[in-house]
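Here is the structure we will look at, set down as structure tokens.
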Amino acid sequence: MKAAVIVSPGSNCDRDVQVALQQSAGSEPIMHWHGDANLPDVDLIIVPGGFAYGDYLRAGALAAQSPVIQEVVARANKGVPVLGICNGFQILTECGLLPGVLMRNAGLKFICRDVDLRVEAADTVFTLDYMDGQVIRIPVAHNEGNYFADDATLNRLDGEDRVAFRYCSPEGRVTDSANPNGAARNIAGILNEGRNVLGMMPHPERLADPMLGGNDGRPMFDGLVEALVATE
Amino acid sequence: MRFVAGCAKHRCMKARILITLKNGVLDPQGKATEQVLAGLGFGGINDVRQGKYIELDLAENNPTNALNAVRAMCEKLLANTVIENYEIDLDE
Amino acid sequence: MRFVAGCAKHRCMKARILITLKNGVLDPQGKATEQVLAGLGFGGINDVRQGKYIELDLAENNPTNALNAVRAMCEKLLANTVIENYEIDLDE
Amino acid sequence: MSEITPEIVGEHGLTPEEYQRVLRIMGREPKMTELGIFSVMWSEHCSYKSSKFWLKKLPTEAPWVICGPGENAGVIDIGEGKACIFKMESHNHPSFIEPYQGAATGVGGILRDIFTMGARPVANMNALRFGAPEHPKTRHLVGGVVAGIGGYGNCIGIPTVGGEVNFDPSYNGNILVNAMTVGIADTDKIFYSAAAGIGNPVVYVGSKTGRDGIHGATMASAEFDDDSEEKRPTVQVGDPFTEKLLLEACLELMATDAIIAIQDMGAAGLTSSSVEMSDKGGVGIEFDLDRVPVREEAMTPYEIMLSESQERMLMVLKPGRENMARKIFEKWELDFAIIGTVTDTNRLVLKSGGEEICNIPVPPLVAEAPEYERPWVATPPPRVLAIDDALADINIAPTDALARLVASPDLCSRRWVWEQYDHMVMADTLRRPGADAAIVRVHGTDRALAITTDCTPRYCVADPVQGGRQAVAEAWRNLTASGAKPLAITDNMNFGNPERPEIMGQFAGCIEGMTDACLALDFPVVSGNVSLYNETNGTGILPTPAIGGVGLIEDVNNDTTSAGFTAEGEAILLIGNTSGHLGRSMLLRVFSDNYRDAGAPPPVDLEAERRNGDFVRDLIVGDRVSACHDVSDGGLLVAAAEMALLGSIGAEISLPTTGIPAFAWLFGEDQSRYITTTSAPEEVLTAANSAGVPAIMIGTTGGPQLTVGDGNSISLLELRNAHESWFPEYMADV
Ligand SMILES: Nc1ncnc2c1ncn2[C@@H]1O[C@H](COP(=O)(O)OP(=O)(O)O)[C@@H](O)[C@H]1O
Ligand SMILES: [Mg+2]
């Protein structure tokens, strides 16, 4: 399987994703510089977390204009799986691959801590190794993770089963107190219509090594590798 | 669209852009500011909304061109039209 | 200072506040935005400065009182006067 | 016509005697830019004129020290060809004026000190002291400082893994913001600042220069005040995004062999960086200031040399490598300008508009910087409090006392703080904030660094010598409790006005105590920083020698342990001697009307410290204990409660059978102690006995509550609520 991690100036989780992918795939992903529009042929594109362009103006807005992002959009439209994590999610909404926006956290503070997520869609290449309804523990670390979209969009996301993860209590209940940032309907991650683009605020790459205190992120990378190796 | 650069040689225009949240979009920052203002003893504040203000210096002397350019910048980058409105004000 | 609350009963004033960085203070946001605008092919932009815009609805009908109140809010909370300037615009 | 009046000299912070020295060195009246350069180089901040005499006494050597104080940061060997580079620095005054930007640029500055030496920063720490919680400014300052530290560190993507927060009225007008960065480099790829190679290009990289932070007093002089403009702020604004680019670009260039010397532009920007590079290299430097990238129009040479704009570096390159280097910086969208050359004159020569506006001989500018042995008086020895007196007015159940203590501003959970810091980015944070030392893996290896910051100012003010010892010993203890071998420290000496003999006495005392501890514990000082004049209206801050300690864990799979209880039914052992010392304790601070902040602080017996610590580390590395935590503020019961909360397992703690009153035993702050848990207590007790280390069993883990003696208990739930609520409630709606 060949994967590319998009590196923007200000990406800072690019190496973390690289390590997690390598651990599951056994091979190194391509680290692709944002300024280079010539993206090689790959089976998976990851837009990692960080503060591309300092998150100035709006998180992800400036990075969404990078030369390579148009190419990422084109590949996504052809069906190549694209995973946007945290700042990557913000970039994917800003470039129009995913609906809605990520606004400033309702508490107006940066939040870094583990949260519980309920897996809502275990039928995608990203979530193969999870089960529907499973509760996983994954960290968030963001200032702008408050997912917003109008009701019609939210209804559509729900109706088409395109919410991938929701913030929940340890028992799997979707409650206000389990919502770290005010996200509409506790949404932590969403899919595009083709289900080959996933944007999520939590960082699976940060808990993909038991030494770090948890391993619930690992199945995402293992699952991707299984699915994409199988289609080769 | 291309402008000729250099404010010294050409006349310069200033564009002032106000970017505000659309009606119905929650504004947690405005809400928080409102609460803190109330806590500081400022009464009678019915609503606080917070937005962005951007100033651009343009090397352009044709107002129509300038307005078109700034509008394009807003659509493409400066505002997120899913949640934001923008207002452009040009002066010379 | 105390205002009587309630926009329905009393006349309301809207205060629009522009908060900008003082001259000479680094504006990393403006600088990054300027670079990206240039990269998108918008030429002739000599300077981009980013500030804040705040709208307040005040239950007050005396412009002098309103201006004084808003000025106090800016000094105390809304603007960081160490690095920012503010401009108040009142309308009824 | 004399340009330089006594007023101008005064505004530049030079005494008449110091100005005479300037005249002697120059052999003529200095030009304005030259005066500005002397002024900043001879400022307290750059010259350490009041503190140098004392700092020289600190032990700085050990076999693992690669580079001690004097460079941008200290360097120690951590094995496998890797070096750890670290330092702590203050940004106190700017953070009081503008907490967000002051703290943010403090983080930016210390990061540059680390990566300028070739290290990739891997962890940030912060030691914060604020005024009394009820002081009207405190909440605003706490909010701004924490957001600023997070704003910078989170954006650049270096985890902020720990620190400390204290409150005390002495900091009402002078908060302390000390930031520490730890980085990792290859031992054969460490970069220094000595310029070399006559004719080599001197290159400026990073952000453009603006009028940031040029000293307010000098700006007021008519010559330099642009009368039309508003009074310019002296606060710098940080740009973490540009710093991230600068970091990556520098590391990319460092991977080649192009750099001969490199120095960040910190305080006094271009001035101190160029003077340091030329002085260390024994060469001269010549600049054409017209080539310096500037952000604002009509900047004078004086302003360019004194600007404190952030995110800039100065380098000497090998000839012929300029274009390759330029390409790297252009890729990262940063300015790159060749602004001068290395010369053989030993002089700093500056040209602007084709005219020479500065020509200073560098060796005397540095070597003849003033150095004062200021008069000092030792702090009078405090009276030791009798236990019975201290406890006379305290009448409350132990668990009630515990609940109030863990909810007090000084002992409550700092979660509100660290959750605003990205402490996990880089995916090597093995132990997150909330326990003793943070543990950060050396990327791609099984080694890790343990990192801590410590200081107990309320001890230091009562007895600077014991306080200095205690600060170093506590750092050592925190590292030890995580299983690490403590290697070295950085320090940040925060004190009041050095021109007052009592303050100098505090400084001298703390240095003496630190020296004792560093020697006894093999724990040398490799870098540091001094911040004086932390004083408002004649009241100084508590003497605060903040210590940042680094230790090494050789095998993360085996050599460390949990800080919280890990299993039910295990024996709880107390290692170290307990006498029930209550002077300056948190117990008295919270409960006593008569003896709040009174008495002598607990003495530190350094031999016992070493013996107990080495014994505990052996237990951890030998896998003979299941958890370990040191006993510090609040004493034994607070430490046990912290372990219970961390592990979500309760415990029964027994009361002493010796003559010590229960409260002295539970809440006394005797030093050099640890709590450990084990399923084989006899074995550990026997080992302790033969090592000459005091150890007793004090209880058993288990259950949903903490019980003291016979039946006085508190549920973990209640305890956790008490511990977790103070900070968020205090900071609500700021
Ligand atoms: N300013 C801060 N930033 C990040 N973490 C902090 C800060 N202050 C305290 N902490 C963390 O809270 C925990 C408890 O702090 P402290 O009581 O000072 O520990 P100790 O007494 O063991 O030195 C530590 O893990 C520490 O790193
Ligand atoms: Mg400790």
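Since the model is a prediction, treat every value here as computed from it, not as a measurement. Below, read A as the first sequence line, B as the second, and so on, with proteins coming before strands; counting in each chain starts at 1. Only heavy atoms go into these numbers, but all of them, side chains included; no hydrogens, no water, no symmetry mates.
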Apply the test side-chain contact (heavy atoms from CB on, under 4.5 Å) to residues C/D47 and C/R49: give CA-CA distance (whole Å), side-chain angles for both, the deciding distance (0.1 Å), then the verdict.
CA-CA 7 Å; C/D47 197 21; C/R49 306 276 290 171; 3.6 Å; yes
For a 4.5 angstrom cut-off between non-hydrogen side-chain atoms, does [X] reach [Y]?
X     : Y     : value
C/I88 : C/R71 : yes
B/L58 : C/I45 : yes
B/K76 : C/L40 : yes

Which portion of [X] sits near chain B, non-hydrogen atoms under 4.5 angstrom:
X     : value
C/A72 : both
C/L18 : side chain
C/L77 : side chain
C/I17 : neither

Partners of C/E75 by side-chain contact (heavy atoms from CB on, under 4.5 Å), sequence neighbours excluded?
C/T81, C/Y86
What's the separation between atom NZ in C/K14 and atom CG in B/N46, rounded to the nearest 0.5 Å?
10.0 Å
How about B/K22: does its NZ atom have over 12 heavy atoms from other parts shown lying under 6.0 Å from it?
yes
Residue-level contacts of residues 27-36 of chain C with chain B, using a heavy-atom cutoff under 4.5 Å
C/T33, C/V36
